[in-house]
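The structure under discussion appears below in the form of structure tokens.
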Amino acid sequence: MEALLRCTRIFTAWYRCPSDSQRDHNVMSQVRVRFAPSPTGFLHIGGVRTALFNWLFARQQQGAFILRIEDTDQSRSTDESIQAILEGMKWVGLDWDEGPYRQTERMDLYRAHAMTLLETGHAYWCVCTAEELEARRKDAEAKGLSPRYDGRCRQRGITHPTETAALRFKAPQDGQIVVDDLIKGTITFDNSAVDDLIILRSNGYPTYNFSVVVDDALMHITHVVRGDDHLTNTPRQIPIFEALGFPVPQFGHLPMILGSDKARLSKRHGATSIMAYKDMGYLPEAMVNYLVRLGWSHGDQELFTRQELIDKFSWKSVQSSAAVFNPDKLLWINAEYIKTSPPSSVAKALVPLLEQAGLKQQVEAVSEEWLAQLVVLVKERAKTLVDMVEWVRPYFGQVAQFEEEAAKKFLTPAIAPVLQKLLTRFEAFPSFSKQVWEESFKKLVEEEGIKMGQLAQPVRVALTGRTASPGLFEVMEVLGRERTLFRLRQGIEHASIG
RNA sequence: GUCCCCAUCGUCUAGCCUGGCCUAGGACAUUGCCCUUUCAAGGCAGUAACACGGGUUCAAAUCCCGUUGGGGACACCA
């Protein structure tokens, strides 16, 4: 069964299925969803969230998740954008079962279906030019009217189109379209509000509203789940499915993501590209967790593993209202993932950032195990991997880089003799032991009649160069005996000079 | 302008469908305290919301209508 489901997921592998009847049954009942971005820029977080909901549903239903690139606007689509989309999808771990299909590779399909509509009387040629249309639209708007196409070519019955003619769909003019939306519930549209939309441009390219329908139908999409901004496209698309004789899929419209000013999220709200979050040191799992929770919930639970997400996901618990993107909460979730993810995997994600920060050689000189140990040392403190780079920096290399202020305040001639005593005691121990060294440290503090902090801070600065760090003895453990002693000497030297 | 969607703490949300258990729960942020060798983390406590107005009902955050507010769509863009 498992193998069968897997194989029906992939079109090209159909022939491997054991039995045709079984296969047909599976295809008929199988959930098939898609993510269909247009390659006109980077992959933004709103798109990722849409993809995520589709992906979750597909995985839960053991259905197929299809990636389709909607690039019929040849003037705005770029190959770089396609690469950016694929890169982003891979980073957040949204694997697709089919595709990526590109609409520009399917032109014949759209044209053929457009011709079918023409032949069946569901479409007609329109010779109004773009300029005329634009002028009429402006005119209508100025008069406070709806800027819709007036349908003047509808009755012309043009059979021999000019070079510049476009093909329009003959939309139903009366009655209603009722959409039973997975998320919003029942929505009713009057057909009188819908005009005859162009399905084939004068350059022969299909328009969005037509190519989506053809593709969704031909790809046997069962659930069309997309952004809220497509809601009003739905009553325009349903009649096309019907005119073409295709079954109408189920629709679901996800609420938008808003910026802090409640306006649609855009560049001016800061980073919206998913890859920007990678660069800022976010973990993909944290992004996924945050994005899903933005608009979906499961009781009071905040943190979910990916499997939990798949198991617990439901359209019923998807919010119907828009949500404001909250960077603070995302940061918190990221910190949670940094704290709870396996240190070795965090370390792995950290390496590229370390290299970018100019620590390439130092990183190459250490083991993966030590790096993981380093992650454990600082994971409670770092909210992002970028943060972590700074937290971790003092532990590379032989010498400590003293922060000027810190050294000035704590590495003073007054403390130098005490540090010297500590060093002498530590040197007497043949190997490092957290308990033993800490005990020895506390004993010295007691003997000197000073407070912990009076010795701890100078030692901290000596070892790390800074006034803030993880626990001293954890630091020593990561540094190792030799480097600890070396840096202590270095600190004493600095303190003696004052 | 027309059409569509939406409306619980500052933010994400539970509760709404199937009215009473809600003197509205959780989380982020924020404030205070505790812990403490620093910085974090952690623990405890606090501030803070049913947009408004009408109904329906013994009873409404929950159902209905309206108002207001926000968002989206009205392209030979997707």
Side-chain angles (χ1 to χ4, degrees), chain A residues 36-40 70-73 75-77 126 128-130 133-134 137 140-149 164-168 179 181 184-185 187-190 192-195 197-203 205-209 211-212 227-236 253 255-256 258 260 262-264 290 293-303 316-317 319-333 335 339 378-383 391 406 410 441-442 445 451-457 459-461 464 466-473:
Chain A
S38 64
T40 53
E70 312 226 317
D71 57 350
T72 53
D73 183 354
S75 61
R76 295 201 306 154
S77 300
C126 172
C128 301
T129 66
L133 260 13
E134 179 65 24
R137 196 161 31 239
E141 261 177 82
K143 286 178 186 157
L145 297 169
S146 227
R148 297 165 42 218
Y149 177 62
T164 56
L167 195 65
R168 275 187 196 271
V179 181
D181 194 275
K184 310 258 184 193
I187 308 162
T188 307
F189 298 89
D190 276 332
S192 57
V194 178
D195 60 0
L197 77 180
I198 288 179
I199 55 177
L200 227 48
R201 291 184 258 246
S202 50
N203 66 6
Y205 277 67
T207 54
Y208 164 77
N209 274 305
S211 53
V212 248
D228 226 349
D229 48 341
H230 286 288
L231 191 54
T232 51
N233 282 326
T234 310
R236 303 166 78 90
H253 290 93
M256 304 267 85
L258 273 26
S260 51
K262 305 246 182 173
R264 190 179 178 158
Y290 177 71
R293 272 293 283 103
L294 197 59
W296 174 84
S297 61
H298 187 264
D300 288 337
Q301 190 171 349
E302 296 287 351
L303 272 8
K316 264 191 84 174
S317 20
Q319 197 79 4
S320 51
S321 51
V324 174
F325 183 82
N326 183 352
D328 279 338
K329 186 142 186 186
L330 170 61
L331 193 61
W332 173 78
I333 290 189
K339 277 184 280 188
V378 302
K379 66 178 185 175
E380 313 257 276
R381 280 151 255 263
K383 290 187 187 297
W391 273 104
F410 292 108
F441 181 97
K442 282 181 174 161
V445 166
K451 284 184 188 165
M452 271 293 260
Q454 286 177 280
L455 183 57
Q457 282 304 78
V459 170
R460 189 183 314 281
V461 174
T464 69
R466 305 180 183 176
T467 55
S469 84
L472 274 188
F473 300 93

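Lettering follows sequence order; numbering is per chain, from 1. Heavy atoms only: backbone and side chains are in, while hydrogens, waters and symmetry mates are out.
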Which whole-number value in Å describes the distance from [X] [atom1] to [N] [atom2]?
{"X": "A:L331", "N": "B:U30", "atom1": "CG", "atom2": "C1'", "answer": "15 Å"}
{"X": "A:L197", "N": "B:A75", "atom1": "CG", "atom2": "C1'", "answer": "10 Å"}
{"X": "A:R460", "N": "B:U37", "atom1": "CZ", "atom2": "C1'", "answer": "5 Å"}
{"X": "A:D229", "N": "B:C5", "atom1": "CG", "atom2": "C1'", "answer": "12 Å"}
{"X": "A:I198", "N": "B:A75", "atom1": "CD1", "atom2": "P", "answer": "10 Å"}
{"X": "A:K262", "N": "B:G69", "atom1": "NZ", "atom2": "C1'", "answer": "10 Å"}

Touch check for A:S211, heavy atoms < 4.0 angstrom, all strands: base, sugar-phosphate only, or nothing?
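Nothing, no nucleic acid heavy atom in range.
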Report which part of the nucleic acid A:L231 touches: base, sugar-phosphate, or nothing (heavy-atom distance under 4.0 Å, all strands).
sugar-phosphate
Taking the minimum atom-to-atom distance to the side chain of A:A130, which one of B:A40, B:C76, B:G1 wins?
B:C76
Minimum-distance nucleotide to A:R381 side chain [options: B:U37, B:C12, B:A40]:
B:A40
Any residue meeting salt bridge (Lys or Arg N to Asp or Glu O under 4.0 Å) with A:R148, in chain and number order, not counting sequence neighbours:
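Listed in chain order: nothing, the list is empty.
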Please report the distance separating the [atom1] of [N] from the corresponding atom of [M], rounded so that it comes out in whole Å.
{"N": "B:U8", "M": "B:A49", "atom1": "P", "result": "14 Å"}
{"N": "B:A41", "M": "B:G19", "atom1": "C1'", "result": "44 Å"}
{"N": "B:A24", "M": "B:C9", "atom1": "P", "result": "14 Å"}
{"N": "B:A14", "M": "B:G55", "atom1": "P", "result": "30 Å"}

Between the protein and nucleotides 22-28 of chain B, which nitrogen or oxygen pairs are less than 3.5 angstrom apart?
| unit_1 | atom_1 | unit_2 | atom_2 | d |
| --- | --- | --- | --- | --- |
| B:G25 | N2 | A:D300 | OD1 | 2.9 |
| B:G26 | N2 | A:E302 | OE2 | 3.1 |
| B:A27 | O4' | A:E302 | OE2 | 3.3 |
| B:A27 | N3 | A:K329 | NZ | 3.4 |
| B:C28 | OP1 | A:W332 | NE1 | 3.4 |
| B:C28 | O2' | A:K329 | N | 3.3 |

Look at A:T72 and B:A78 and indicate whether a side-chain polar atom (N or O) is within less than 4.0 Å of OP1 or OP2.
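Answer is yes, contact under 4.0 Å.
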Is A:R264 close enough to B:A73 that one of its side-chain N or O atoms is under 4.0 Å from OP1 or OP2 there?
yes
Judged by each residue's nearest nucleotide on RNA chain B, which is more toward the 5′ side, A:A193 or A:T207?
A:A193
Of A:K184 and A:G471, whose closest RNA chain B nucleotide lies nearer the 5' terminus?
A:K184
